[in-house]
Amino acid sequence: MDLELQGKAAIVTGAASGIGRAIALALSREGAHVVLADIDAAGCEQTLALMRKARAQAQGVVVRADAALLADHEATVNAALEAFGGLDIAVNNAGIGGEAHDTAEMSPEGWRKVIDINLNGVFYAMHAQLPALLARGGGAIVNLASILGATGWRTASAYVASKHGVVGLTKTAALEYATRGIRINAVGPGFVETPIIGEDPKVLAHLASLHPVQRLGQPAEVGDLVAYLASARASLVTGAYYPVDGGYLAQ
Ligand SMILES: NC(=O)c1ccc[n+]([C@@H]2O[C@H](COP(=O)([O-])OP(=O)(O)OC[C@H]3O[C@@H](n4cnc5c(N)ncnc54)[C@H](O)[C@@H]3O)[C@@H](O)[C@H]2O)c1
């Protein structure tokens with residue numbers, strides 16, 4: 001029996017760690033070939049090894065790419081065309097947390113860095129990916145927002161603005177490409193156990209307590225949602241923002 005994403009060509013940015021790694025594993029488990037893009041190429045090699053461990057026929061290529069640079073997204077798309085003959089799925093996941101300061105104390109450089117990677121990076125990614133998806137006759141894009149794409153968080157104005165921006169960008173691009181076979185959605189994880197939220201047990205326990213389920217999310221729980229949104233099962237889903245947050249936004 002064919003797997004759900006058998007032979008599909010996918011890009012995952014930020015694939016060296018955390019949620020991006022789990023997304024790459026989820027897509028590969030369903031049969032997709034994956035371009036693993038990140039500034040951390042060694043981490044992507046580890047992700048590729050995990051993909052092969054999980055499924056012997058797994059296929060992937062590693063590209064060292066900075067999400068804040070349009071040229072690097074173009075190179076990532078070219079890697080998909082060269083290795084896999086086209087592009088069907090793109091998951092724009094690379095992101096950083098940035099400075100933790102109230103708005104008056106946040107440095108303009110810190111603000112720009114977060115916006116460059118988390119928001120401009122998603123625009124550059126889609127700008128490079130959409131022509132390849134159109135050439136294929138359609139496909140799916142999933143952008144990583146956050147619960148902080150729908151609500152605020154003290155000391156994180158740049159991050160919160162970037163993720164609200166990703167949601168708006170996702171909705172607008174979805175409208176533009178709805179009749180051209182490309183579905184574009186955003187996902188909004190609650191706090192998920194990855195390096196981005198640190199390792200201080202007290203902080204992690206506090207963050208867990210903010211979610212109705214009283215625990216942090218696991219990267220694979222986001223990977224499963226992304227794999228669904230990338231698949232034909234989600235054929236009517238576009239322009240949506242899907243929280244995956246243990247009930248955080250229901251409060
Ligand atoms: N972990 C959470 O609690 C959480 C919650 C909501 C949303 N998110 C979002 O999920 C995404 C993945 O985060 P994560 O939790 O897996 O964090 P992570 O730190 O484990 O992984 C982020 C990855 O992005 C890469 N990266 C950072 N800057 C980059 C750049 N300029 N170009 C290319 N790659 C770059 C890193 O090398 C790393 O591999 C981010 O967009 C983040 O904002 C995370």
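Remember, it's 1-based here, ligands and their atoms both numbered in the order they're listed. Worth saying up front: this structure is predicted, and the values here are computed from it rather than measured.
- Annotation: the span from Ile196 atom CD1 to Ile19 atom CD1 amounts to 7.5 Å, rounded to 0.5 Å.
- Val91 and Val35 are not part of a single hydrophobic cluster, where members link through side-chain heavy atoms under 4.5 Å apart.
- Ring geometry for His73 against Tyr124 counts as tilted: the plane angle lies between 30° and 60°, on a 0 to 90° scale.
- Other residues, nucleotides and ligands contribute more than 12 heavy atoms inside 6.0 Å of the CD atom of Glu105.
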Provide, line by line, the atom pairs where ligand 1 and the protein bring an N/O atom each to a distance under 3.5 Å; else say none.
| unit_1 | atom_1 | unit_2 | atom_2 | d |
| --- | --- | --- | --- | --- |
| ligand 1 | 1 (N) | Val192 | O | 3.1 |
| ligand 1 | 1 (N) | Thr194 | OG1 | 3.1 |
| ligand 1 | 3 (O) | Val192 | N | 2.8 |
| ligand 1 | 3 (O) | Val192 | O | 3.4 |
| ligand 1 | 15 (O) | Thr194 | OG1 | 2.5 |
| ligand 1 | 16 (O) | Ile19 | N | 2.7 |
| ligand 1 | 20 (O) | Ser17 | OG | 2.6 |
| ligand 1 | 31 (N) | Asp66 | OD1 | 2.9 |
| ligand 1 | 32 (N) | Ala67 | N | 2.7 |
| ligand 1 | 37 (O) | Asp38 | OD1 | 2.6 |
| ligand 1 | 39 (O) | Asp38 | OD2 | 2.6 |
| ligand 1 | 41 (O) | Asn93 | O | 2.8 |
| ligand 1 | 41 (O) | Lys163 | NZ | 2.9 |
| ligand 1 | 43 (O) | Tyr159 | OH | 2.6 |
| ligand 1 | 43 (O) | Lys163 | NZ | 3.0 |

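- Looking only at atom types and distance, the side chain of Glu30 has no donor-acceptor partner in the side chain of Ser231 under 3.5 Å away.
- Between Asp224 and Arg29 there is a salt bridge, since a side-chain N of the basic residue sits under 4.0 Å from a carboxylate O of the acidic one.
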